[in-house]
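Values below: all heavy atoms of this structure, side chains included; hydrogens, waters and symmetry mates excluded. Residue numbers begin at 1 in each chain, while the letters A, B, ... track the order of the sequences.
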Amino acid sequence: VNLDYLLPPLIAAGISLSLLIMLLLHRRKERSHWLLSLLVMDVTIWALVIFGMRSSPDVEQALFWDRAVIFFVFAAPLLCYHFSVALTKVGRQGNLLPIGYIVLVVVLALSPTDLLVQRMEIQPYGYAPIIGPAMLPIVAFAYLLMMMTMYNFLKAYRASSEYREKNRLLYITIAMFFPLMGTIFEIFPTIYPTSIFGSIALCLFTTVAIVKYHLLDIRIVVRKSLVYLLVSLMIAVPYVGILYLLHFIFQPILESWWVHPIIILLLAIALRPLYSWAQNFVDRLFYRDRYNYLQALQQFSQKAQNVINLKELSSTLTQLVSGALHSSSVCLLLPSESDNGLIVVSSTGLNNPPSGVVLRSRSPLIKWLKLKQRILSSEEFNIVPQLQSLSLREKNNLEQMEAKLYVPIQTAPGQLSGILVLGQKLSQQLYSSEDRQLLTALSNQMAIALENARLYAVSQQELRERKQAEEALRKMEQEKTAILDSMSEIVIFQDMEYRLIWANKVAGESVDLSPEQLVGRHCYEIWNKRSEPCVGCPVAKAREAGKPQEAEMTTPDGRVWFVQGYPIQDANGRVVGVVEVTLEITERKRAEEKEKELQQELYESGRLAAIGELAAGVAHEINNPLTAILGFSQRVLRKSHNKSLARDLDRISGEALRAARIVQNLLTFARRREPEKEDCDANDILQRALELRAYELKTSNIKVVADLTPRLPKVRADSHQIQEVFLNVVLNAEQAMVEAHQGGTLAIKTCKNKGYVQIVFSDDGPGIAKENLHRIFLPFFSSRADKGGTGLGLSICHGIVTEHGGKIHAKSQLGEGTTFVVELPVATGKTSKRKTAEKKSARKADRYYQPISGS
Amino acid sequence: MLSEDKYFRDLTEAKLWQRYCGFLDLSIGEFMDIQEELLMDQIERVSDSLLGKKIMNNTAPKSIEEFRQTVPLTTYDDYEPYLSEQREDVLAEKPLYWSHSSGRGGRFKWLPSTSQSADKTIQCILGTMILAGARQRGEIPIKPGLRVLLNMAPRPYGSGLIFNHLSQCFSLHVMPPQEEEEQMEFQERIMQGFKMALRNGLDGVCSIAGVLVKMGERMSQQAHGMKPSLSMLHPAILFRIARAKLRSQLAHRPMLPRDLWDLNGLIAVGTDAAIYKDQLAYYWGRTPYEIYGATEVMPIAVNSWNKKWLTLIPDMAFWEFIPLAERTKGEKDKRYRPGTVLTGELEPGQSYEVVLTQFYGMPLLRYRIGDLVTVVDLKDEEAGINLPQIVFKSPVGGLIDLAGLVKLDEKTVWQAIANSEIKYEEWAVRKEYDQNRTYLRLFMELKEHREPSEIAEMIDQQLQAIDVDYRDVGVQLALQPIRVTLLSPGTFQRYYEEKQKEGADLAHLKPPHMNASNAIIERLLSLSQEEQVVR
């Protein structure tokens, strides 16, 4: 038996049969699948028939087998061609296919005749056919079919842009080349027949195309088969070894039937890890790229988990992709801060990546990637109509990035977080589907990482914003406290039980406590020392009415408060507390009292002025007739001798004189004479006045006690007018004391009091009734009208003192004497200012003393 | 390898279809998105150019709406001072070439074309070649090395420049070669192309429709199909003629161009392409493929594979349309700015004047090209197109308003003449008045003997059959509004020869069909040795 001669067809049959089983196990409906199955079946039968021929005992039998094989030999190129047409869809060449099948029928018809194989010869290697006349055209046609098959595959190879498909087609083309070469030598009987090797190569290359490049997509079946084959071999070798060993040592034991299952079981358990190793080995053998990619993916996943800095993550991604895929450049585009488009945040392999917005938000490329949610190649980029509207600027940007592949990074359908843009592969090859799978997986990881980074950024932002808000709130609280503390009012916030929740600084100060010490206590306890709310408290009213309330309240210490209550309502309009704003108005109330007095004084002054005006008018009108009455009464008196008439006339004259004096006083009161002011000593003026009245005082039994403060500041005054004031006051005191108890004591004191020189005249006379006290400076008011008092003296004094910028007032109680206080402003020493003040004073006085014309 | 050849080598049929004919598969939303994107790009490109600033009044609109509101409608008059002198300093981008157009109404136009625009144009032209030959969606009947008989205006006309650029990007065997054809007269070129096609074979024809009809007519009228000559003594020519003879005899009819060549596609250009559709299909064996285009934008709209209606191309220009009512308002009041509608707003059954804005940095903005189109449908179910389908109606100036009730365009009149089966040499029509009565005056040179009244009657009937408004006018006015003046044989040929001697432009050698000026009509009448007038 010549094994070199017999074994090849058996090996070919075995391999092709395995392939056939594989194909049949993974049945698919595609025509190409069935055609490939038919082809492999044809090759299997071809090999078996060859084996039959080679193992034939004689030439006749060999001739029978050889004629039988002709059909299968010719069927192979025809099926190859048909398979190429079905697989590549490149279009058949005219009617070549139907012609081929017709020729096949012809071959079948001619195969029993001598036209194809005449006879068989015995050669050194075995049987060799002697071909007939029809064989050559048949072989030529078969070659044509094979050539067309290769043409189809090459054409499809060139047209294809997909890495895997290209390789698949390349392997198939190579596979077709071997039978083509192998059958060439079949024509020459003296040369060893090689076609069977061609068919072996065809099957092997087809298997590689199936396994490695997914031809017909049955790689899973093959992968599993290979794994189990490998494991079986691994188990078989030690098993045989152990058996061999045991054979020598424990020969009797081996004869027992139960030993074998135990050994196999033990080996299966022991070699279990081998299974996974074998699987890894097979995967590494056929799917090396995938392993690298998985590693890259794993690396990125680990990094993505730890990295939350977007920039660092972006840089990691571009470097990783560039390294794993051997890309000339990788750019990561992410949304710009203003969100008006995508910008390059990280790039690898580019000297000058585009700056600014690379793709606008509404860019057709972004829209397309959002919609399609898959990787876009530059080839597709050139053919998709929607992408032809990309603006020139965007196109230039993409060119600058040397873009060949666009990988969308999507966190959710319809949302695009970014784009990974890859340049050409360094090997100038196209991106394979494994590359794309890796990129898809990486982009998904990136999307998650981006989302995490975004959420982290958002949370950081929120944290910052919260801190800022808290800071702002704290600042606002401080400002509010500062504002409320700066207020002169007490501001407190009380709950519905009148307990203080918050109080400002003034509130604490009002009771010499800190605001914190007030919190939690009842307001009525703090300020009113009560055990229950105050009656008429506006806070209680505001709480009940739900509207602001106000009232004046007086605390037990005599302080007066203006209290306002503002109800605070919740979202449902329910009153939940009251803000109380309280202002202490004790001083204000006093000031108001004083103001009232001043107003009264002003009123009196006004009244005096009005009366003066009236008096001046009356005096002016009366003066002339009075002069006539006086003149004529005295003339008649001089001429008259009638005593009774003379007495009457004398009375008339006396009353006329009295009236003239009154008029004179009136005019003195009303007439405005510009005081001739100079710096003078009030003590001197007072002493001169007292000297003038010294005799009368003495005779009236009045003791003058003068307490004059030495070195009094000068006053700016008309000394004559001031002297008249002092005389008038002294005269009034003198008359009052004489009428009351024929004498008395007049105490006179001078002193300085707050910018004024004060001259106080105190008598121990009968005093003035309270109801008259505010009328004493009114003109014509006199308690001595029946005793010749005109009631103009004090009015005139009031006018003079007021004209000097001073004040005059009286304090008196019935039976306790009267005190007159005259206050004159201290001279400032500045003439100009003084003059201005005097003029002002004069102008002010004008309001009260109108000039009396014609007097 | 030429740039477009590479695509044909590398891409599958499906991808080639997507690249060249993918616009047919767009939705109207996608169509408008492309329009908007390219318009915004165009505004950005031209807003800094002198001409752009002038037209847009120194503004750069930010949206389609703003663009339509602020930029005025323009005509060639607005660009003429700059473009007629080929001033490149006023343009946004340096042009690849300047093309020459005959214009309308005897006015010449010079128009620039940028490199990107030229590339886009050839992509569209390849698309039309695919569609012209395709019998179904997705079919790619052409490949590099395409043999084309070209009967179009030579360089520097737009068509000549486009095919020149096309041949630099795609392996195209043009017959006659452009270098040669530019030295020849038009008829000479046709003959030369025909001879070359006889010898080399032919995959496609791209020609003015009238020429194709004439070629078919001439061949069918000759008893033996073709006159033998020495130049035919070539095996390939003899084989082709013998095969054609056999085919015609088997079909029991005269020899026709269809017997000589198995064409992949027949592209017919001109208004008459639609009118002679059946005739061309009979002569050439393929349904003619119609392209609507102009020198400003080529092509504007094209047939789909079913050769039925025209579909606008989204990335050639920004399309706006003036409804007829708006156009009329604008005509009455020159200060009135007619409103426009966009492609997505077109209504079926309505006619519009086309307004275009060029893309890719070219200068024409909101340009009134002067053509009327009618929207026939908003989709073509047969071809699976969901975009508005239009037909070319006429040039704006080619309308004849009859009694204010009907507007007749060149296509309608031409169709009526063709349907009447009157054998004629050439014709011209215009509106005339007679005692306050409006009527159509048809000037016609016949190839057969017929009475003017008979012709008037026949054309009247055909017009009534074609145009509903015309029929209504006839009923309302109770009279036939057509009067015919017959011109003596050879009148149009003499006119042609005279104009040729005068050195007139190719497009102005023949008198216009519609509304010819008094001078032209008088010249025709003077050239006509005898004339017959009906009524």
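- With rounding to the nearest 0.5 Å, the separation of NZ in Lys15(B) from CD in Glu379(A) is 4.5 Å.
- Chain A forms more heavy-atom pairs under 4.5 Å with one residue of Glu44(B), Lys120(B), Glu13(B) than with any other, namely Glu44(B).
- No side-chain donor-acceptor contact under 3.5 Å links Arg19(B) to the backbone of Val384(A).
- Few gaps surround NZ on Lys395(A); more than 12 heavy atoms of other groups in view lie less than 6.0 Å from it.
- Using a 4.5 Å cut-off between heavy atoms, Tyr7(B) touches chain A through its side chain atoms alone.
- Checked for salt-bridge contact, Glu30(B) and Lys367(A) miss the test: no charged N lies under 4.0 Å from a carboxylate O.
- Of all heavy-atom pairs spanning Leu38(B) and Gln388(A), the tightest one is CD2-O, 4.1 Å.
- In terms of heavy-atom proximity, Leu392(A) sits nearest to Asp41(B) at N-OD1, 3.1 Å.
- Only the side chain of Leu26(B) comes within contact range of chain A, judged by heavy atoms closer than 4.5 Å.
- One distance of note links CG of Asp10(B) with CD1 of Ile383(A); it measures 11.0 Å at 0.5 Å rounding.
- The side-chain heavy atoms of Arg45(B) and Arg393(A), taken from C-beta on, include no pair separated by under 4.5 Å.
- When heavy atoms are compared at a cutoff of 4.5 Å, Arg362(A) approaches chain B by way of both its backbone and its side chain.
- Heavy atoms of Gln116(B) lying under 4.5 Å from chain A belong exclusively to its side chain.
- Both the backbone and the side chain of Gln18(B) come within contact range of chain A, each with at least one heavy atom under 4.5 Å from a heavy atom of that chain.
- Heavy atoms of Gln35(B) lying under 4.5 Å from chain A are absent altogether.
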